[in-house]
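The block underneath contains the structure these notes are about, expressed in structure tokens.
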Amino acid sequence: MTILIPVLTLGGLGLAFGLFLTYAAKKFHVEVDPRVEKILEVLPGANCGACGAPGCEGFAVGVVEGRYPVHGCVAGGKEVAEKIAAIMGVEAGEVERRIAVVRCRGDRENAPRLAEYQGVKSCKMLDLIGGDKGCVYGCLGLGDCVEACPFEAIYMGENGLPVVIEERCTGCGECVRACPRGIMDLIPHNQLVYVACVSPERGQDVTKVCKTGCIGCSLCARLAPEEKITMDGFLPVVHHEKIENYDDLNTAVEKCPTKVLIRRNA
Amino acid sequence: MRTFRGGVHPPERKELSKDAPIERLPLPEVLYIPLSQHTGAPAKPLVKKKDKVKRGTKIGEIQGFISANVHSPVSGTVKGIGPWYHPLGKKQDVVIIEVEGDEPEEGVGEERDVDKLSKEELVEAVKEAGIVGLGGAAFPTHVKLSPPKPIDTVILNGAECEPYLTSDYRIMMEMPEKVIEGARIIKRILEPERVIVGIEDNKPDAAERIKEVAARENWIEVVLLKTKYPQGSEKQLIYALTGRQVPSGGLPFDVGVLVQNVGTCVAIYEAVRYKKPLYERVVTVTGGVNEPKNLMVPIGTPVKNLIDYAGGAKGEIGKVIFGGPMMGLAQLSLDVPVIKGTSGVLVQLKQEVFAGEERGCIRCASCVDVCPMGLVPVMMANVIEAGKHEMAEKLGVLDCIECGCCAYVCPTKRNLVQYFKYAKREIIKKKKKG
């Protein structure tokens with residue numbers, strides 16, 4: 001018989017709380033736009049922040065409130081933009097897909113270390129003291145970009161330079177923000193040629209510290225027709241908006257003496 | 001014995017170079033003179049390629065209030081202006097000068113009657129000579145000499161608490177008159193009630209020399225301090241000598257105090273009396289070199305010249321540090337030039353350098369015991385590691401003086417100061433942005 005006492009007490013308590021919660025749920029109900037949840041479902045969910053909102057939920061709420069465009073999710077690209085547009089009942093705008101590239105070719109062999117670094121294993125900490133390489137502009141190789149990438153699209157190559165897996169890269173720009181030296185850069189997905197060096201120094205100073213740095217010879221600018229490549233100081237600039245067919249730059253890419261002009265595969 | 005709370009006592013190793021009189025380094029072939037050698041805005045270059053300069057020619061002009069002029073230490077030809085290795089790490093613009101001789105610029109070395117100059121003229125002379133604090137932080141001296149609040153105590157810093165370094169010691173031994181004369185100029189400008197020279201008690205002979213000269217004057221006190229690192233740090237020195245605490249985020253003038261390094265006093269005197277710009281300084285070259293020396297070095301001399309002159313390294317070089325072992329900066333290249341703030345060059349051999357990795361914190365709290373600023377280094381490092389800079393700011397990371405006591409005692413060799421330096425830079429950058 002004694003067993004009935006706890007059973008009834010607990011059963012009674014359960015019933016009382018249940019009724020209270022049902023009442024509270026009805027009484028304090030907050031109207032959530034069902035579209036927010038639907039949008040949240042189609043978003044990548046990495047909370048990368050590339051759209052400018054604090055995470056995916058912030059973005060979803062923002063889209064419904066009209067603060068962000070439906071194609072605002074860079075990481076999701078066209079596919080996600082179309083789905084969000086369908087939920088919102090509007091036309092999707094054009095999302096320019098961008099991709100991260102590594103603008104340095106100075107690996108351990110080509111751009112030797114001058115000193116052995118023993119501090120905190122992080123690029124931003126190493127950059128604080130000027131780095132361990134002869135080239136003070138080049139990749140430090142401790143992988144802050146690898147750590148920052150929310151999509152596991154970057155790994156550290158064997159030669160001490162990061163490698164971007166293009167299929168996985170969504171162009172969110174986390175690596176660009178993580179890199180203290182501006183080696184990681186976002187370029188339009190269909191820009192097939194880029195400059196893999198950021199050193200602003202003169203050719204003779206670059207060759208002292210790196211075998212594969214841009215020496216600023218401007219050969220590429222002369223070989224590329226119609227100013228498709230121009231020089232900015234000692235570094236060339238590829239003018240993507242002027243280029244329709246990247247085969248026009250083939251000679252420039254081939255003739256580059258230190259091979260810093262990189263041709264990507266389409 | 002007067003002192004402060006916390007701190008450490010590393011082996012002093014001053015005996016290596018303490019008895020070597022100051023020698024003049026022979027002129028190198030090329031000088032690399034950075035335009036930024038001080039706290040504040042870099043100087044604006046006044047020369048261009050192929051220009052001729054003389055000893056004492058102004059080659060960089062002050063930009064803004066917190067900045068300093070830069071002068072050529074030699075006569076020669078400008079080879080160019082461009083980025084070069086800098087003791088602070090990143091490459092910075094330097095004026096490259098091909099050395100031809102030692103011909104002085106007009107007016108340099110001319111004697112002036114100090115008593116006839118007004119206060120404003122005295123400060124102007126210091127500003128014109130490009131004088132900065134020679135203790136290491138290289139804060140422009142004319143700014144310190146124009147305080148927004150009245151100063152009642154001037155402290156001359158002869159503590160030299162960094163192990164190995166003996167440049168201030170040699171200055172006190174060899175030119176105590178100049179130190180006192182420099183102090184007299186500071187006294188005329190600021191009209192303080194007290195002038196105190198603080199010297200650590202491991203340098204009784206230097207204190208004796210200063211006392212001998214000071215005995216002729218009745219306005220200067222010489223006080224011995226306990227030998228403990230970082231006794232020569234501004235805030236610790238002020239506390240030890242006056243019992244006053246500089247408030248968090250404040251500067252010494254907030255408590256009515258001005259601190260000047262003894263070497264800076266000599267530079268002030270020479271600038272005012274002989275119109276000599278700050279183009280050379282005393283540098284201790286010590287550690288694993290064959291003949292440790294104290295050298296008078298032209299600003300911009302590559303460090304390899306100093307090491308060669310000191311008889312070269314005894315073995316394979318592991319580390320070359322600008323400054324002392326506690327706060328000094330390890331250098332990337334032997335082409336780095338000496339700048340106004342370089343008090344010493346310490347060569348550590350390969351076997352002397354710790355080669356292990358940092359390991360996890362064991363929560364022993366040794367760092368808390370030694371922090372002279374009363375901070376909790378372990379907590380700050382942990383939150384910075386997690387990227388929480390706001391929290392580090394709340395824990396007082398901006399009050400960190402980067403003395404390195406915490407990292408020195410850490411049994412797991414955590415790179416604590418590196419975390420703090422990084423966080424301080426990021427926090428200040430963020431504040432400047434808005």
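Lettering follows sequence order; numbering is per chain, from 1.
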inquiry  = Atom CG of residue position A:D232 - does it have more than 12 heavy atoms of other residues, nucleotides or ligands inside 6.0 Å?
reply    = no
remark   = Between B:N415 and A:V120, the two heavy atoms sitting closest are ND2-N, 3.4 Å
inquiry  = Can you tell me which portion of A:V136 sits under 4.5 Å from chain B's heavy atoms? Options are side chain, backbone, both or neither.
reply    = side chain
Gap between atom CD1 of A:I129 and atom NZ of B:K421 - 0.5 Å precision = 9.0 Å
Atom group of A:E201 that falls short of 4.5 Å from chain B, counting heavy atoms = side chain
query = Do you know the tightest heavy-atom contact between A:K124 and B:R425?
reply = O-NH2, 4.4 Å
ask   = At a heavy-atom separation under 4.5 Å, does B:E358 approach chain A through its side chain, its backbone, both, or neither?
value = side chain
message = Other residues, nucleotides and ligands only: do more than 12 of their heavy atoms fall within 6.0 Å of NZ on B:K388?
response = no
query = Do the side chain of B:Y419 and the main chain of A:M125 share a donor and acceptor less than 3.5 angstrom apart?
reply = no
remark   = The interface call for A:K133 against chain B, heavy-atom contacts under 4.5 Å, is backbone
ask   = Does CE belonging to A:M156 count more than 12 external heavy atoms closer than 6.0 Å?
value = yes
task = Flag the one option from B:P83, B:G82, B:S333 with the top tally of heavy-atom pairs under 4.5 Å to chain A.
result = B:P83
task = Kindly compute the distance separating CG (A:L126) from CD (B:Q418), expressed to the nearest 0.5 Å.
result = 8.0 Å
Crowding at CD, A:E37 (>12 non-hydrogen neighbours, <6.0 Å) = no
key: Partners meeting side-chain contact (heavy atoms from CB on, under 4.5 Å) with B:L334 (sequence neighbours left out)   = B:V303, B:K304, B:I307, B:V320
ask   = At their closest point, which heavy atom of B:Y422 faces which heavy atom of A:L128, and how far apart are they?
value = N-CD2, 3.6 Å
ask   = Is it the side chain or the backbone of A:D205 that comes within 4.5 Å of chain B heavy atoms, both, or neither?
value = neither
ask   = Distance from B:K413 atom NZ to A:Q118 atom CD, nearest 0.5 Å?
value = 11.5 Å
query = For A:E241, does the CD atom sit with more than 12 other heavy atoms under 6.0 Å from it, leaving out its own atoms?
reply = yes
note = Under 4.5 Å to a heavy atom of chain A? For B:L332 that would be both
Below 3.5 Å, can you tabulate the donor-acceptor pairs from side chains in residues 426-434 of chain B to any protein atom, sequence neighbours excluded?
residue, atom, partner, partner atom, Å
B:E426, OE2, B:K429, NZ, 3.3
B:K431, NZ, B:E393, OE2, 2.9

message = Does any part of the side chain of A:E116, heavy atoms only, come nearer than 4.5 Å to the side chain of B:V353, both counted from C-beta?
response = no
CD (B:E352) with more than 12 external heavy atoms under 6.0 Å = yes
request  = Check the surroundings of atom CD in A:E57: do more than 12 heavy atoms from other residues, nucleotides or ligands lie under 6.0 Å from it?
outcome  = no
ask   = Counting only heavy atoms not in A:E227, do more than 12 fall under 6.0 Å of its CD?
value = no
